[in-house]
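So the structure is just underneath, and the comments pick up after that.
Lettering follows sequence order; numbering is per chain, from 1. Worth knowing before you read on, the calculation uses all heavy atoms, side chains too, and leaves out hydrogens, waters and symmetry mates.
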Amino acid sequence: MRFSKSFIHTLKEAPKDASLPSHKYLVRAGFISQVASGIYNFLPLGKIVLEKIKKITKEELDAAGAVEVQLGFVTPCELWEQSGRLAKYGKELLRFKDRKENCFVLGPTHEEMMVNLVRGRINSYKQLPLNLYQIGLKFRDEARPRFGLLRGREFVMKDGYSFHADEEDMKREYALMEETYKKIFSRMGLDFRAVEADVGAIGGSASKEFMVIADSGEDNIAICTQCDYAANVEAAKKAKRSEPSEVPEFSNFEPFLTPGIKTIEELKEFFHIDPYFLLKAVAKKALYEDGEEIVVFFLRGDQELQETKAMNAIEALELEDVSDEELKKAGIVPGFIGPYELGCKVVFDEELKGAKNLICGGNREDYHLIGADLAHFEDALFVDIKEVKEGDECPKCGAALQIKKGIEVGHIFQLGTRYSDALNATFLDKDGKARPFVMGTYGIGISRLIAAAIEQNHDDRGCIWPKEIAPFSVDIIVSNTKEKEQLDFAEELYGFLLQEGVEVILDDRPERFGPKIKDFELIGFPYGVIVGKGLRDGKVQVVDRKTLEKEDVDILNIKDYLLQLTKK
RNA sequence: CGGGGCGUAGCGCAGUCUGGUUAGCGCACCUGGUUUGGGACCAGGGGGUCGGGGGUUCGAAUCCCUCCGCCCCGACCA
């Protein structure tokens, strides 16, 4: 492609509404432009990258035996009613009516459509398994779209759904998809981790997220520094700790006057005790489908509550903070909350099972209880509700965990029969009995990957594209297009590389050197060839975008040099 | 949805508080010339419903009402 005819328009200044590097650079370099909140145009450069990502995804999925289809973007409300998601999905579903007053939604995901497509066509266990996928637009009317392509309302997603006769076969496919996803993201040159994820209210089955490691990520993930353990903090575990060597001795279980001493920090000072032996109470308001209640979560004093775990523990839809006033109204004494005779639901962290020699709140203003032994609460709910922190021990190997930020670019899920049940999609098994399909579902954020790649690979000059998804691998810069020798040489090199199948762009614009090299750096082509003054001495310069190092190359060798460089 | 901010040329902004020539600057764009290895220079030029509607006023980008859009923090969300 010739730069002069390519509809590439770079900007010197970033649009003011961009904040993240990927957003700024993708707009400045002319990859995308904003249409409305969370909706973007893909300009020629952006389109090339998008197609490359699609292509890699398709190749690997096809190789794994999945089959591509394309479902309607506009889907009838009826299906959503059948699955029960029309109400549940809420405002994120963009609904509208056609001229005949039929209700439709713009598909935010396609479980319903895909199940509907398969039911009636697959009738026998002999036709299973089946893995169908599509790469296409999704629309979710997000409350707050942001960060450019990272969280748009309209976005490109690959979504796949597999159908199986039994759980075991579904798990086999799930493992195959995990391997396939790893191949896909590796080919794209990304630093990523497959992490264990929260399965949430759907429950029961496993789920993994694929995270591109980047500081601007919205998810926190715990990664083992030694083994391959990695998990979203919403699901991360840590190894069981051994008790501190210094155990406090309490002769009795009794109330103790602690005037105005409320926080863990204050208690630690007051009693000169390791917070390990303090019982921390975190009160939350839990919302359920049919009401709400106050729940108190207890942890050791040196731990923090992980809200997603806590929410799952009591099967709540949501947890909200409670004010001191609300607590008092419920007869709870903020600052002095303990498990004894507390008039609400309590949950203990699993680490507290059988714990003793504790200090806990006395449920009475200015009193704590010392020498508490949780053996009294044997029948209470003990589950993992604590947040994993930097430096905690890995549950698999015991080495230190580190916490990093990640951008979720893929998610695989053992779905089970949730949708096939709801939509009555069944097949006949060997015994001629009708059974619901056992399903898996697998997603990749295709357009989000464009932004994620740049969040991970950029410097203060612009994008640094991984080679596999870069728009063009070589940018031939003609330093001065009025110098006939330069232009002729560049044209010849351009023709040669095209013929050799190298993805090359020729910067033949009648600009000076400055803007051209700036654009090279901003757009982030992997290699630049500067055809300029050095030509007199029989040299051109090759620039590596990543290192910004320049190397003089003899014009007699440049063709081989470039072929070598861009060879896959 | 709660809190904050913004809306003036394709992009970035000044002007608004304190109403008053023809609404200005940088970049980009067009013409001519010079220049040509790190976002050139000189001269000339084109481009504006000042987000929309309503109001106050002799007079509104500027004051008031209202609607819309966009961004940020949070809540939410795969």
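Checking A:Arg140 against A:Pro15, the closest nucleotide of RNA chain B that is more toward the 5' end is the one next to A:Pro15. Place A:Ala14 and A:Arg509 on RNA chain B by their nearest nucleotides, and A:Ala14 ends up nearer the 5' end.
Salt bridge annotation for A:Glu111-A:Arg418: absent, with no cationic side-chain nitrogen under 4.0 angstrom from a carboxylate oxygen. Between A:Lys484 and A:Glu491 there is no salt bridge, since none of the side-chain N atoms of the basic residue sits less than 4.0 Å from a carboxylate O of the acidic one. Looking at A:Glu326 and A:Lys329, no side-chain N of the basic residue comes within less than 4.0 Å of a carboxylate O on the acidic one, giving no salt bridge. Salt bridge absent: A:Arg95 and A:Asp141 never bring a charged side-chain N and a carboxylate O closer than 4.0 Å. Ion pairing of A:Lys182 with A:Glu178 is present here, as a side-chain N (NZ or NE/NH1/NH2) and a carboxylate O approach within less than 4.0 Å.
Only the C1' atoms considered, B:U62 is 15 Å distant from B:G7, to the nearest whole Å. To the nearest whole angstrom, the two P atoms, one in B:G47 and one in B:G54, are 26 Å apart.
In the displayed structure, A:Glu68 atom CD is contacted under 6.0 Å by more than 12 heavy atoms of other residues, nucleotides or ligands. Within 6.0 Å of the CG atom in A:Asp215, the count of heavy atoms belonging to other residues, nucleotides or ligands does not exceed 12.
The residue A:Asp219 sits close to a base: some heavy atom pair falls under 4.0 Å. Within the nucleic acid shown, A:Ile530 comes within 4.0 Å of at least one base atom, counting heavy atoms only. Contacts of A:Glu209 with the nucleic acid, taken as non-hydrogen atoms under 4.0 Å apart, include base atoms.
For A:Asn480, the listed nucleotide lying nearest its side chain is B:U36; candidates were B:U36, B:C70, B:C77. If you check B:C73, B:G38, B:C70 against the side chain of A:Arg153, the one that comes closest is B:C70. When each of B:U35, B:G38, B:G12 is scored by its nearest atom to the side-chain atoms of A:Phe513, the top-ranked nucleotide is B:G38.
Side-chain N/O atoms of A:Glu173 and A:Tyr442 include no donor and acceptor closer than 3.5 Å.
Under the salt bridge (Lys or Arg N to Asp or Glu O under 4.0 Å) criterion, A:Glu511 pairs with no residue, sequence neighbours left out. Residues that satisfy the ring pair (Phe, Tyr, Trp, His ring centres under 6.0 Å) test with A:Phe437, not counting sequence neighbours, are A:Phe163, A:Phe427. Legend: residues meeting ring pair (Phe, Tyr, Trp, His ring centres under 6.0 Å) with A:Tyr89, ordered by chain and number and at least two apart, are A:Trp80. Not counting sequence neighbours, A:Ala143 has no partner by the side-chain contact (heavy atoms from CB on, under 4.5 Å) test.
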Output a table of donor-acceptor pairs, distance under 3.5 Å, between side-chain atoms of residues 11-24 of chain A and any protein atom two or more places apart or on a different chain; print 'none' if there are none.
from, atom 1, to, atom 2, distance (Å)
A:Ser22, OG, A:Glu455, OE2, 2.7
A:His23, NE2, A:Tyr40, OH, 3.4

Listed pairs under 3.5 Å, donor-acceptor, residues 523-536 of chain A side chains, sequence neighbours left out:
from, atom 1, to, atom 2, distance (Å)
A:Tyr527, OH, A:Lys467, NZ, 2.9

I'd like a table of donor-acceptor pairs (distance under 3.5 Å, sequence neighbours excluded) in which one partner is a side-chain atom from residues 546-555 of chain A, with atom names and distances.
from, atom 1, to, atom 2, distance (Å)
A:Thr547, OG1, A:Glu549, N, 3.2
A:Glu551, OE1, A:Tyr561, OH, 2.9
A:Asp554, OD1, A:Leu556, N, 2.9

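Nucleotide B:C25: paired with B:G12 (Watson-Crick or G-U wobble, both distances less than 3.5 Å). As the counterpart of B:U57, no nucleotide is assigned, since no Watson-Crick or G-U wobble pattern has both distances under 3.5 Å. Under the Watson-Crick and G-U wobble criteria, each requiring two contacts below 3.5 Å, nucleotide B:G39 is left unpaired. Base pairing of B:C76 is not made with any nucleotide, judged by Watson-Crick or G-U wobble geometry with both donor-acceptor distances under 3.5 Å. Across all strands shown, B:G7 forms a Watson-Crick or G-U wobble pair, both distances under 3.5 Å, with B:C68.
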Give each protein N/O atom lying under 3.5 Å from an N/O atom of nucleotides 45-52 of chain B, with the pair distance.
none

Show me the protein contacts with nucleotides 1-9 of chain B, counting only N or O atoms at under 3.5 Å.
from, atom 1, to, atom 2, distance (Å)
B:C6, O2', A:Lys16, NZ, 3.0

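You'll find the side chain of A:Leu61 reaches within 4.5 Å of the side chain of A:Met177, heavy atoms only. Side-chain contact between A:Lys138 and A:Asp159 is present, with heavy atoms from C-beta onward closer than 4.5 Å.
Contacts between residues 26-38 of chain A and RNA chain B, defined by a heavy-atom separation under 4.0 Å, are made by A:Arg28, A:Gln34, A:Ala36, A:Ser37. Near RNA chain B, defined here as any heavy-atom distance below 4.0 Å, there are no residues from residues 39-56 of chain A. Contacts with RNA chain B (heavy atom under 4.0 Å) in residues 537-551 of chain A: A:Gln541, A:Lys550, listed by number.
Side-chain N/O atoms of A:Ser479 include none lying less than 4.0 angstrom from OP1 or OP2 on B:U36.
The base of B:U36 has none of its N or O atoms less than 3.5 Å from a complementary donor or acceptor on the side chain of A:Lys516.
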